[in-house]
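Predicted model only: the values in this text are computed from it and were never measured. Per chain, numbering begins at 1; letters A, B, ... match sequence-line order.
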There are 2 protein chains.
Amino acid sequence: MPELPFTLDQLRILKAIAAQGSFKKAADLLYVTQPAVSLQIQNLEKQLEITIFDRGGRKALLTEAGRLLLEYCERILNQCDEACKAIEDLNSLKGGTLVIGASQTTGTYLMPRMIGLFRQKYPEVSVQLQVHSTRRTGWSVANGQIDLAIIGGQLPGDLENLLQVIPYATDELALVLPSKHPLSNKKELLKEDLYKLNFVTLDSQSTTRKVVDKLLKDSGLDIQRLKIEMELNSLEAIKNAVQSGLGASFLPVVSIERELAAGTIHKAFIADLEVKRELKLITNPSRYTSRASEVFKKNILPQFASFESPLREP
Amino acid sequence: MPELPFTLDQLRILKAIAAQGSFKKAADLLYVTQPAVSLQIQNLEKQLEITIFDRGGRKALLTEAGRLLLEYCERILNQCDEACKAIEDLNSLKGGTLVIGASQTTGTYLMPRMIGLFRQKYPEVSVQLQVHSTRRTGWSVANGQIDLAIIGGQLPGDLENLLQVIPYATDELALVLPSKHPLSNKKELLKEDLYKLNFVTLDSQSTTRKVVDKLLKDSGLDIQRLKIEMELNSLEAIKNAVQSGLGASFLPVVSIERELAAGTIHKAFIADLEVKRELKLITNPSRYTSRASEVFKKNILPQFASFESPLREP
DNA sequence: AGTCTCCATAAATTTAAATTATCCGAATAA
DNA sequence: TTATTCGGATAATTTAAATTTATGGAGACT
């Protein structure tokens with residue numbers, strides 16, 4: 001690897017002299033003394049084995065070699081300026097990319113709004129959303145492919161320690177019924193009523209399904225006795241199934257806001273049972289945190305922390 | 001004028017780390033110690049207020065900002081390399097331009113051969129030939145528009161001191177006659193024979209004409225008595241006139257080599273009279289001397305210093 | 001000629017960078 | 001697990017570089 005025969009400062013000086021036509025004026029422009037300029041140019045000339053300026057009269061004129069060097073000089077310094085600008089933009093969130101991870105649910109129903117708000121505030125930062133399983137999202141955060149993520153499930157133990165996991169919000173998994181279901185008139189259901197329902201659930205691999213099963217079990221229910229009409233792998237499909245009267249389901253409230261408002265689906269309350277899970281923000285503390293990521297965490301997330309309060313569209 | 005937030009060395013280090021994936025390896029590559037690398041990157045990060053590398057595990061990985069900076073870094077360093085190469089080429093005469101000045105005579109008959117030889121040796125240096133009057137050529141050398149010139153006349157006094165004038169060669173101004181002219185049989189003419197001739201001369205503005213007139217006068221001839229058939233402003237025209245038997249003329253031997261060899265023109269000798277002028281090389285000592293100019297002066301010119309010896313075609 | 005401006009040079013100072021030596025943490029191996 | 005290694009950070013010292021102050025000289029303008 002060859003040594004560089006000049007420094008950026010020397011190029012800066014060269015440019016200044018060429019522009020001012022004088023060592024002295026260049027020195028004034030650069031806020032240094034005249035000998036500093038002279039010596040640097042001498043070094044440059046020695047290094048490159050060329051004469052750059054004719055110092056004959058009162059003006060310093062470029063030689064042929066000087067003109068040649070100046071061309072490159074300008075280009076180089078321009079690139080430097082551009083680099084500075086790009087970095088500044090990155091610092092002031094006028095550029096760059098933010099990669100966000102999310103589970104199916106939050107990725108579908110929550111993130112679009114958050115990202116919308118973020119992009120409204122920082123339109124020059126491009127945002128990428130990656131929807132994966134909790135496990136895979138965790139790994140992506142761990143190795144830096146994702147800046148920050150929101151998950152609703154449990155991380156593998158090893159990742160749990162590696163990553164920073166911050167409880168962020170509560171996600172209620174509401175029992176929803178077809179609006180014309182007989183039980184949808186009851187003010188409050190009893191746990192035992194659940195055994196009477198036909199369920200349309202997510203498939204058993206899904207995080208949300210696992211969470212629901214665990215919560216119901218913990219509350220004393222025998223989940224084996226619950227009748228499962230069918231297992232689907234899409235919340236939208238389940239919603240449609242419920243609306244068509246095919247059965248009940250536990251669904252994140254964030255995913256059914258529109259349907260509740262429209263009355264096409266009914267949310268039931270169950271005595272002594274709250275099916276809620278924690279949504280957690282995960283980041284990688286051992287990694288560089290981009291400004292965009294910082295801002296997203298500090299300014300955007302808190303606005304969506306409460307799911308109970310109706311969210312304004314951006 | 002803003003200070004630069006980084007140095008080329010820092011960029012070099014950045015690039016090396018990015019390529020090697022490690023501070024240590026980069027340090028080895030650059031023949032410095034590891035702390036030197038660490039500190040420079042720290043300075044860079046501090047200056048730009050960004051984090052460039054994730055130093056988590058065994059490998060130093062670029063952050064987003066780091067990748068952004070690296071892009072510019074590569075471009076900048078490439079430009080630097082290119083600049084170096086261009087300068088090297090200039091130094092090794094693989095580029096650049098040489099501007100040569102000459103009078104009508106040397107420009108027409110001498111320079112083409114010299115330039116041919118030069119370009120054969122240094123084909124990548126482009127050469128420009130400017131044919132002007134002695135006076136104008138002198139000024140062009142003075143203000144640097146011409147690197148070096150060969151003149152046959154007398155410079156204005158002020159330029160004489162300003163420029164370096166080196167006697168370079170003797171240019172004989174031969175008396176030429178139509179080959180079938182009665183006097184062309186005589187072994188040696190007498191000065192008085194000149195009064196019997198009809199002359200075809202250059203116009204009285206021309207340097208060569210002035211030189212000839214002065215030399216004849218100095219040798220005791222009365223130039224008023226010389227019969228001038230016509231005045232032309234081109235040597236070629238005069239040559240044609242002589243060959244056509246219209247008259248005699250004093251012409252630079254360099255301009256009639258071909259005709260002498262072919263016998264279409266006759267060169268006469270005059271007792272006690274040698275019409276010779278000094279061709280002089282002029283350069284500007286107070287100005288940068290390009291390598292090309294140096295080489296031309298040292299290596300090319302001497303090969304053409306003697307007009308008596310037949311010149312080889314390049 | 002005299003003065004002014006501009007650049008070069010020398011010596012001294014200040015500033016920056018590199019090195020040596022050491023520590024710390026994470027990954028690897030026993 | 002513990003030991004070892006590798007890579008990076010840090011501190012103190014040395015070395016090197018760039019800047020400044022002071023001064024001299026050459027050309028240009030009056």
Enquirer: Establish, with yes or no, whether the OP1 or OP2 oxygen of C/dT9 is under 4.0 angstrom from a side-chain nitrogen or oxygen of A/Ser38.
Expert: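 No, A/Ser38 has no side-chain N/O under 4.0 Å of OP1/OP2 on C/dT9.
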Enquirer: With sequence neighbours excluded, tell me which residues meet side chain to side chain contact (heavy atoms under 4.5 Å, CB included) with A/Ala65.
Expert: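 Testing A/Ala65 for side chain to side chain contact (heavy atoms under 4.5 Å, CB included), a comparison that skips the adjacent residues, returns A/Ile50, A/Thr63, B/Leu90, B/Tyr288.
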Enquirer: Taking ring pair (Phe, Tyr, Trp, His ring centres under 6.0 Å) as the cut-off, I'd like each qualifying pair that reaches into residues 64-85 of chain A, sequence neighbours left out, listed once.
Expert: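 Those involving residues 64-85 of chain A do not exist here.
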Enquirer: Would a 4.5 Å heavy-atom cut-off, applied to side chains only, mark B/Gln40 and B/Asp9 as touching?
Expert: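 Of all side-chain heavy-atom pairs linking B/Asp9 with B/Gln40, none is under 4.5 Å.
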Enquirer: With side chains defined as the heavy atoms from C-beta onward, is the minimum distance between B/Leu77 and B/Lys15 less than 4.5 Å?
Expert: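 Sidechains of B/Lys15 and B/Leu77: in contact.
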Enquirer: In whole Å, what is the span from the CG atom of A/Asn284 to the P atom of C/dA26?
Expert: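 Rounded to whole Å, this separation is 12 Å.
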Enquirer: Would you say C/dA8 has OP1 or OP2 under 4.0 Å from some side-chain N or O of A/Arg55?
Expert: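 Affirmative; the distance criterion is met.
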Enquirer: Within the 3.5 Å criterion, strictly below it, is a donor on A/Gln34 or A/Ser38 matched to an acceptor on the partner's side chain?
Expert: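 Checked: A/Gln34/A/Ser38 side chains pair up, N/O donor to acceptor below 3.5 Å.
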Enquirer: Keeping to residues at least two apart or across chains, list the ring pair (Phe, Tyr, Trp, His ring centres under 6.0 Å) pairs with something in residues 5-26 of chain A.
Expert: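 Sorted result for residues 5-26 of chain A: A/Phe23-A/Phe53.
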Enquirer: Could you work out, with side chain to side chain contact (heavy atoms under 4.5 Å, CB included) as the rule, every residue matching A/Ala142, not counting sequence neighbours?
Expert: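 Here the qualifying residues are A/Trp139, A/Leu159, A/Leu162, A/Leu163.
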Enquirer: Write out a two-atom table: protein N or O, nucleotide N or O from nucleotides 1-5 of chain C, distance below 3.5 Å.
Expert:
none

Enquirer: Using chain A heavy atoms and a threshold of under 4.0 Å, write down where along DNA chain D the contacts begin and end, 5' to 3'.
Expert: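 Contacts span D/dA18 to D/dC29, reading 5' to 3'.
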Enquirer: My understanding is that only residues two or more places apart in sequence, or in another chain, count here; which of them pass side chain to side chain contact (heavy atoms under 4.5 Å, CB included) with B/Ala292?
Expert: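 Result, side chain to side chain contact (heavy atoms under 4.5 Å, CB included) vs B/Ala292: B/Leu93, B/Leu98, B/Phe118, B/Val125, B/Ser290.
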Enquirer: What residues form a side-chain hydrogen bond (donor to acceptor under 3.5 Å, both in side chains) with B/Thr51, not counting sequence neighbours?
Expert: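 Applying side-chain hydrogen bond (donor to acceptor under 3.5 Å, both in side chains) to B/Thr51 gives none.
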Enquirer: Collect all protein-nucleotide pairs involving nucleotides 18-22 of chain C in which both atoms are nitrogen or oxygen and the distance is under 3.5 Å.
Expert:
residue, atom, partner, partner atom, Å
C/dA18, OP2, B/Gln40, NE2, 3.1
C/dT19, OP2, B/Thr33, N, 2.8
C/dT19, OP2, B/Thr33, OG1, 2.8

Enquirer: Go through the structure and list residues passing side chain to side chain contact (heavy atoms under 4.5 Å, CB included) with B/Glu294, not counting sequence neighbours.
Expert: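 Partners of B/Glu294 by the side chain to side chain contact (heavy atoms under 4.5 Å, CB included) criterion, ordered by chain and then number, come out as B/Thr289, B/Arg291, B/Lys298.
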Enquirer: Expressed as a whole number of angstroms, how long is the span from A/Gln20:CD to C/dC6:P?
Expert: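 Rounding to the nearest Å, CD of A/Gln20 and P of C/dC6 are 12 Å apart.
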Enquirer: Quick one: pull up CD1 in A/Ile76 and CG in A/Leu69 and give me the separation to the nearest 0.5 Å.
Expert: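 That separation rounds to 7.5 Å.
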Enquirer: Which residues pass the salt bridge (Lys or Arg N to Asp or Glu O under 4.0 Å) test with A/Lys214, sequence neighbours left out?
Expert: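 Counting only residues at least two positions away or on another chain, A/Lys214 forms a salt bridge (Lys or Arg N to Asp or Glu O under 4.0 Å) with A/Asp218.
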Enquirer: When the axes are fitted on five pairs at both termini, how much does the helix from C/dA1-D/dT30 to C/dA30-D/dT1 curve, in 10° steps?
Expert: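 Roughly 30° between the end axes, to the nearest 10°.
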Enquirer: Taking atom CD of A/Glu160 and atom CG of A/Leu155, what is their separation to the nearest 0.5 Å?
Expert: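 The distance works out to 5.5 Å.
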Enquirer: To the nearest Å, how far apart are A/Asp54 CG and C/dA8 P?
Expert: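 Distance, rounded to whole Å: 11 Å.
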